[in-house]
Amino acid sequence: MKISKSFIPTLKEVPADAVIPSHVLMIRSGMVRMVSAGIYSFLPLGYKVIRKISEIIREEMNAIGGQEFHLPALNPKEIWEATNRVEAFGDTMFHIKNRDYVLAPTHEEIMTFHAKGVLKSYKDMPQIWYQIQTKFRNEPRPRSGVIRGRQFLMKDAYSFDTSLEGLDKSYELHDKAYRNIFDRCGIKYFIVGASSGAMGGSKSEEFMVQSDAGEDTVAYCENCGYAANIEVAKSVIDPVKRDDVGKEVYEISTPDVKSIDELCEFLKIDERETAKSRIYIHDGKPVLILMSGNDDVNESKLELVLGGNVRSAHPEELSDITGADAGSIGPIDFKHRIIADLRLKGGNNLYSGANKNDYHVGGIDLERDAPKTEYFDLRSIESGEKCTRCDSELAVFKAIELGHIFKLGTKYSEGLGANFVDENGEEHPIIMGSYGIGVERVLACYLEQNHDDNGIIWDNTLAPFHCHLIGLNMKSELISGTCEDIYTTLQKKGYEVLFDDRNDVSAGFKFNDADLLGLPVQIVVGERNLKENMIEIKERRNNEKQKISLDDLYQKLEELLK
RNA sequence: CGGGGCGUAGCGUAGUCCGGUUAGCGCGCCUGCUUUGGGAGCAGGAGGUCGCAGGUUCGAAUCCUGCCGCCCCGACCA
């Protein structure tokens, strides 16, 4: 491709709206342009990369027996009503105004619709069906460029099996395929066990990439590979101490002391000697949550313990429930359920609120003074805490979800009546799995991990072109003639070449554009070297330049672009 | 949906507080000449409903009201 004839609108300046590196680079290198919040056009260069990623996905999916579909984005609403997901998605689903259609945010329903009545016998399975298509979700806040859009490209696959063992096998196949895909794309990722949320089903794993632009927080142990979403992550519990001599409960006047920090300051004690109380409402009933010191309640863990949704009590509800306002609430004589973090188990001589404004109590022994207290893991873990598996230090950081594999079960086959008949003539719902990859996220994550101050650093696998041929002064016939020869020869040899043949652009401009676009190898043809029949070759990954003979070019390229 | 910021030429921005020439600058774009190993030089040129709609005023990019859009934080997130 000759740059003089192509549409690759690079930008020298950083666009005001782009914040994270991948977004900046995609815009600056002319891969995408935004049309509206969370809605992007892929320009030729960006689309070339998307196609390369898609092709890798396709190859790996086909290798495990996947068959590609092309499905409608426009779906009759009633199919989605059969599985109750119009309600489940709520405002996240786009609705068509002048007909009862919705824009598909994913494709479980449509795939199941096609399975119904066709996968009739156990002999018809297993099957793996997939598609690589655009999905639509009315995200309240699109962000980070293509990482969270209202319209995005997703590969999703569905497996159909007759037994849980069969599902296990399909799941394992996808797990392997996903590792191959991300490995081939050159992305550094890790795998997190996760809850499957609104998708339903049991086991699921997320393929994650560490990034400050991520929307999930995860804990990761580099030593043993333990990885978990912060919502469920565990660390070794460091319990509060238990003194040999237990005091009796006594009341302390603590005027204007509200926070744990103020209490510690006032009494000259350590925060580990305190038990913080938070009131939550669950099923309309108040529950007192006790945490050590300033530890925060992890509401996801709390919901797992209690089952169903919880909310923290409104300030005006507190005194009805406890007799005191926030800052003076505690477990002693509390009339409702008490749940404490495991850290507090066995602790004594603790300080907490007195359920009377401006008073606290000391000398609390939870086992003695609040014997009905239940103990659970309720706190969010932090970086530096010990891994429960190997006692190494855990890291807690943000991550982007690239892919997600679920064991769905029968939610959709039951909802839509997709049944099969087994060996004994009995009818059962098909057992399904669901497996997604955010295709644009693969691109964004790759860029997050592979760039420097000057621009992108492509590997040969995903690079939109293999090499960047730069003719420095195209008005020189020697240079332009040589470049044309190289260009033609390289193409004949099967390389994808981007040829900067512009004759009105200075050398520095071309170099900087080349670094920005980041193709793996730059071939620089300039008058100075060409006089000696030499050209320069630069590897973008390490910016190493070498002067080589024109005759050695093709062999050198073969080495570099293996 | 809550908090904060922003909206001026294709891109990046000054001017807005304190209303008053022809809305300024850099990049990019067009023409010509020169230039070609790290974002060239000179000369000339084009390009603006100052987000939209009302209002105040002799006069509005600037003040007031409403709306829209975009970014960041939070809530939400298969």
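Lettering follows sequence order; numbering is per chain, from 1. Since the model is a prediction, treat every value here as computed from it, not as a measurement.
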For A:V14 and for A:T92, locate the closest nucleotide of RNA chain B by heavy-atom distance; then report the residue assigned to the nucleotide nearer the 5' terminus. A:V14
To the side chain of A:P15, which of B:G12, B:C71, B:C77 is closest? B:G12
Have a look at A:W129 and tell me which of A:Y158, A:F69, A:F113 forms a ring pair (Phe, Tyr, Trp, His ring centres under 6.0 Å) with it. A:F69
Expressed as a whole number of Å, how far does the P atom of B:G7 sit from that of B:C50? 14 Å
Base, sugar-phosphate, or nothing for A:K547, non-hydrogen atoms under 4.0 angstrom? nothing
Which whole number of Å gives the distance between the P atom of B:G24 and that of B:C67? 33 Å
Which whole number of Å gives the distance between the C1' atom of B:U36 and that of B:G41? 12 Å
Which label fits A:F136 and A:F94: parallel for a plane angle under 30°, tilted from 30 to 60°, or perpendicular past 60°? perpendicular
Does the structure show a Watson-Crick or G-U wobble partner for B:G74, both distances under 3.5 Å? Name it, or say none. B:C1
Distance check, P atoms only: B:A43 and B:G37, in whole angstrom units. 23 Å
Less than 4.0 Å between a side-chain N and a carboxylate O, is that true for A:R502 and A:D500? yes
Does A:K135 reach the side chain of A:H107, with side-chain heavy atoms less than 4.5 Å apart? yes
Across the strands shown, which category fits A:S36 at heavy-atom distances under 4.0 angstrom: base, sugar-phosphate, nothing? sugar-phosphate
Atom-pair distance (CG on A:N543; P on B:G38), nearest Å: 15 Å
Who is the Watson-Crick or G-U wobble partner of B:C6, with both distances under 3.5 Å? B:G69
Can you tell me the pairing partner of B:C58 across any strand shown, Watson-Crick or G-U wobble, with both distances under 3.5 angstrom? B:G20
B:A43 -> Watson-Crick or G-U wobble partner, both distances under 3.5 Å, gives B:U31
Suppose we call a contact any N or O donor and acceptor under 3.5 Å apart; does that hold for the side chain of A:E13 and the base of B:G26? yes
What integer number of Å spans the C1' atoms of B:G20 and B:G66? 27 Å
Counting just side-chain N and O atoms, does A:R28 come under 4.0 Å of either OP1 or OP2 of B:C11? no
Pair A:K398 + A:E448: basic N to acidic O under 4.0 Å: no
Base, sugar-phosphate or nothing for A:D515? Non-hydrogen atoms, less than 4.0 Å. base
B:C71 phosphate, OP1 or OP2: any side-chain N/O from A:R141 under 4.0 angstrom? no
If you only use heavy atoms from C-beta on, which nucleotide in B:G74, B:C27, B:G38 is closest to the side chain of A:K12? B:C27
Considering only atom C1', compute the distance from B:G54 to B:C70 and round it to an integer number of Å. 23 Å
Could you tell me if the ring centre of A:Y178 sits under 6.0 Å from that of A:Y435? no
Using a 4.0 Å heavy-atom cut-off, does A:D17 contact any base of the nucleic acid, only the sugar-phosphate backbone, or nothing at all? sugar-phosphate
Across all strands, who's sitting opposite B:C50 as a Watson-Crick or G-U wobble pair, both distances under 3.5 Å? none
By side-chain hydrogen bond (donor to acceptor under 3.5 Å, both in side chains), A:W458 pairs with (sequence neighbours left out) none
Would you mind classifying the nucleic acid contact of A:P105 as base, sugar-phosphate or nothing, using non-hydrogen atoms under 4.0 angstrom? nothing
Starting from P on B:G69, measure out to CD1 on A:I39 and report it in whole angstrom. 11 Å
Assign the ring pair A:Y40 / A:H23 to parallel, tilted or perpendicular, where the plane angle (0 to 90°) is split at 30° and 60°. perpendicular
Could you work out the separation of B:U22 and B:A60 based on their P atoms and round it to a whole Å? 13 Å
Distance, C1' atom - from B:U62 to B:C17, rounded to whole angstrom: 9 Å
Using a 4.0 Å heavy-atom cut-off, write out nucleotides 31-37 of chain B from 5' to 3' as B (base contacted by protein), S (sugar-phosphate only) or - (no contact). ----BBB
Between A:H466 and A:L490, is the side-chain contact (heavy atoms from CB on, under 4.5 Å) condition met? List the steps. CA-CA 10 Å; A:H466 299 126; A:L490 285 176; over 6 Å; no
With a 3.5 angstrom cut-off on both distances, give the Watson-Crick or G-U wobble partner of B:C11, or none if there isn't one. B:G26
Test: A:K258 and A:D325 ion pair at under 4.0 Å: no
Which is more 5' along RNA chain B, the nucleotide nearest A:G438 or the one nearest A:M34? Just name the residue. A:M34
Take atom NE2 of A:H23 and atom P of B:C11, then tell me their distance rounded to the nearest Å. 14 Å
Mind checking if A:M93 touches a base, just sugar-phosphate, or nothing, with heavy atoms under 4.0 Å? nothing
Atom pair distance, as rounded to whole Å: CD in A:E299 and C1' in B:G74: 13 Å
